[in-house]
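Counting begins at 1 with the first residue of the sequence. What you see below is based on every heavy atom in this structure, not just the backbone, and it leaves out hydrogens, waters and symmetry mates.
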Amino acid sequence: MNALNIFSGSFLKSNRQWLLMILISFCGLSSFAQPINDDACAPITLTPTATCTYQTFTNAAATASPGVPAPGCANYLGGDVWFQVVVPAGGALIFDTQTGVVTDGGMALYSGDCNNLVLIECDDDDSPNGLMPYIYRTGLTPGSTIWVRFWEYGNNNNGTFGICVTFPPPPPANDNCATAVPLIVNPDFTCTASTNGTTVSATASTAPVPTCGATGVNDDVWYSFVATNTSHVITLTNVTGTVTDMVMALYSGACASLVQVQCSDPNSMTVTGLTAGQTYYVRVWTFTATATSNASFTICVGTPPPPPANDNCAGA
């Protein structure tokens, strides 16, 4: 064995503990490295798509963002990470998140630039995915950049989470009275014939202001039916979405000159005094008057049974 080999072996043996400590230190640094998008000026770019495909990221070891005020919701205490999105031509985007290690998150949108951010909206628990944030925003400037800030509620359970950005679909075909979807009238209460509907991307109509739930008429959709009896029951079931409190109103007349017959905040209403053979219009919308509200549902028109023969004294 030559002198160099003897020296190398001796050096390695005597410094084994130091080498081990150095390796452990490097591993520790790697384990606690901050995410690459820990700073607002180093965001990860997200590309909007037609359907939501969650991408997984982490805020483990993320720090607070100096110079950016607290967003004002979801108990922000630091640990935020950043994304950016370019607004498409339609000016509308849907931001949704999914649980991972993080099961309770917060999210905020900003305009401006990374050194001068202006808060647009902050959200806590609007996602259908548990206690995760969801933001549906319209009226954004096409071509502008939106900054997205995500953090864990209370900054005490940081880790992985999912996020997706989509552009909403076009308005439903029955966004206006003139394109109302015809409904089949059931001969009884069974609702064998029903129709699926949605308010996603629906816009406000110029129809008369209803007498109930008026504050939320910004996403109404329309249906029509021909009365087969003087009384019918209109029911909304299987309601899902960011809002499940629905409102509906029944109108007679033509679309250009509608007359309200009845308005209902509950998801079912019985209407009487109808004229068999006449066309009526049903207007459905979510109660919450925000751009983020949307719902999917099933609508049905049923028919109460006729009164019994002995409904009056004369028929006793």
Side-chain angles (χ1 to χ4, degrees), residues 123-128 134-136 138 168 171-186 188-191 193-255 257-275 278-304:
D123 184 73
D124 189 358
D125 297 330
D126 279 341
S127 175
Y134 170 102
I135 296 177
Y136 179 6
T138 60
N174 59 334
D175 192 36
N176 297 295
C177 176
T179 55
V181 171
L183 300 173
I184 297 174
V185 177
N186 290 272
D188 50 32
F189 282 135
T190 59
C191 277
S194 58
T195 300
N196 294 327
T198 182
T199 65
V200 175
S201 296
T203 60
S205 299
T206 57
V209 177
T211 57
C212 68
T215 57
V217 192
N218 65 339
D219 60 351
D220 50 357
V221 289
W222 293 83
Y223 300 88
S224 66
F225 69 90
V226 177
T228 60
N229 203 335
T230 59
S231 179
H232 285 298
V233 178
I234 306 167
T235 307
L236 302 177
T237 57
N238 304 317
V239 182
T240 60
T242 60
V243 174
T244 55
D245 186 1
M246 307 297 292
V247 191
M248 57 181 163
L250 182 70
Y251 296 88
S252 62
C255 286
S257 55
L258 293 169
V259 177
Q260 181 182 297
V261 175
Q262 191 167 321
C263 191
S264 174
D265 188 354
N267 291 355
S268 180
M269 67 176 173
T270 300
V271 289
T272 58
L274 303 179
T275 301
Q278 182 173 318
T279 297
Y280 292 88
Y281 293 92
V282 184
R283 184 185 196 179
V284 180
W285 68 98
T286 59
F287 182 82
T288 305
T290 64
T292 61
S293 61
N294 63 78
S296 296
F297 54 88
T298 300
I299 184 169
C300 163
V301 179
T303 306

(request) Keeping the roles fixed (side chain from Asn186, backbone from Ala193), state whether a donor-acceptor pair exists under 3.5 Å. (result) yes
(request) Can you see which heavy atom on Asn229 is nearest to which on Leu274, and at what distance? (result) O-CB, 3.8 Å
(request) Would you confirm whether Asn176, through its side chain, and Ala178, through its main-chain N or O, come within 3.5 Å as a donor-acceptor pair? (result) no
(message) Measuring from atom CG of Asn267 to atom OG1 of Thr237, what distance do you get when rounded to the nearest 0.5 angstrom?
(response) 9.0 Å
(request) Kindly write out the residues that satisfy ring pair (Phe, Tyr, Trp, His ring centres under 6.0 Å) with Tyr251, not counting sequence neighbours, or none if the list is empty. (result) Trp222
(request) For Ser194, enumerate each residue passing the side-chain contact (heavy atoms from CB on, under 4.5 Å) test, keeping only those at least two apart in sequence or located in another chain. (result) Thr298, Cys300
(message) Give me the atom names and distance for the closest heavy-atom approach of Gly197 to Tyr223.
(response) CA-OH, 3.3 Å
(message) Test your reading of the model: is there a side-chain donor-acceptor pair from Asp219 to the backbone of Thr286, 3.5 Å cut-off?
(response) yes
(message) On a heavy-atom basis, which atom in Tyr281 and which in Gly253 lie closest, and how many Å separate them?
(response) CE1-O, 3.3 Å
(message) Holding to side chain to side chain donor-acceptor pair (under 3.5 Å), I want the full list of residues that pass it with Thr303, two or more places apart in sequence or in another chain.
(response) His232
(request) With sequence neighbours left out, write down each residue that passes side-chain contact (heavy atoms from CB on, under 4.5 Å) with Ala254, or none if nothing qualifies. (result) Ser257
(request) Say whether, by atom type as modelled, one donor and one acceptor occur between the side chain of Ser205 and the main chain of Ala207 under 3.5 angstrom. (result) no
(request) Mind checking the CE-SG spacing from Met269 to Cys263? Nearest 0.5 Å is all I need. (result) 7.5 Å
(message) Using the side-chain contact (heavy atoms from CB on, under 4.5 Å) criterion, which residues pair with Val233? Sequence neighbours excluded.
(response) Phe189, Thr235, Ser268, Thr270, Pro304
(request) Report yes if some heavy atom in the side chain of Pro208 is under 4.5 Å from a heavy atom in the side chain of Gln260; otherwise report no. (result) no
(request) Might you point out which heavy atoms bring Ser231 and Thr272 nearest each other, and give the distance in Å? (result) OG-CG2, 3.7 Å
(request) Report yes if some heavy atom in the side chain of Leu258 is under 4.5 Å from a heavy atom in the side chain of Cys177; otherwise report no. (result) yes
(request) To the nearest 0.5 angstrom, please state how far the CD1 atom of Ile299 sits from the CG atom of Leu183. (result) 5.0 Å
(message) Donor-acceptor pair, distance only, cut-off 3.5 Å: does the side chain of Tyr280 make one with the backbone of Thr275?
(response) yes
(message) Between Thr199 and Trp285 (side chain of the first, backbone of the second, donor and acceptor by atom type, cut-off under 3.5 Å), is there such a pair?
(response) no
(message) Using 0.5 Å steps for rounding, measure from the CG atom of Asp125 to the OH atom of Tyr134.
(response) 14.5 Å
(request) Please report the C-alpha distance between Asp245 and Asp265 in whole Å, then the side-chain angles of each, then the deciding distance to 0.1 Å, and finally whether the side-chain contact (heavy atoms from CB on, under 4.5 Å) criterion is met. (result) CA-CA 8 Å; Asp245 186 1; Asp265 188 354; 3.1 Å; yes
(message) Using only atom types and a distance under 3.5 Å, with no angle test, would you say the side chain of Ser264 pairs donor to acceptor with the backbone of Met248?
(response) no
(request) Please answer whether the main-chain N or O of Ser252 pairs with a side-chain N or O of Gln278 as donor and acceptor at a distance below 3.5 Å. (result) no
(message) Checking Thr240 now: which residues fulfil side-chain contact (heavy atoms from CB on, under 4.5 Å) with it, not counting sequence neighbours?
(response) Ser296
(message) Please check: side-chain N/O of Asp123 versus main-chain N/O of Ile135, any donor-acceptor pairing under 3.5 Å?
(response) no
(message) Tell me whether Thr203 contacts the main-chain N or O of Asn218 through its side chain, where contact means a donor paired with an acceptor under 3.5 Å.
(response) no
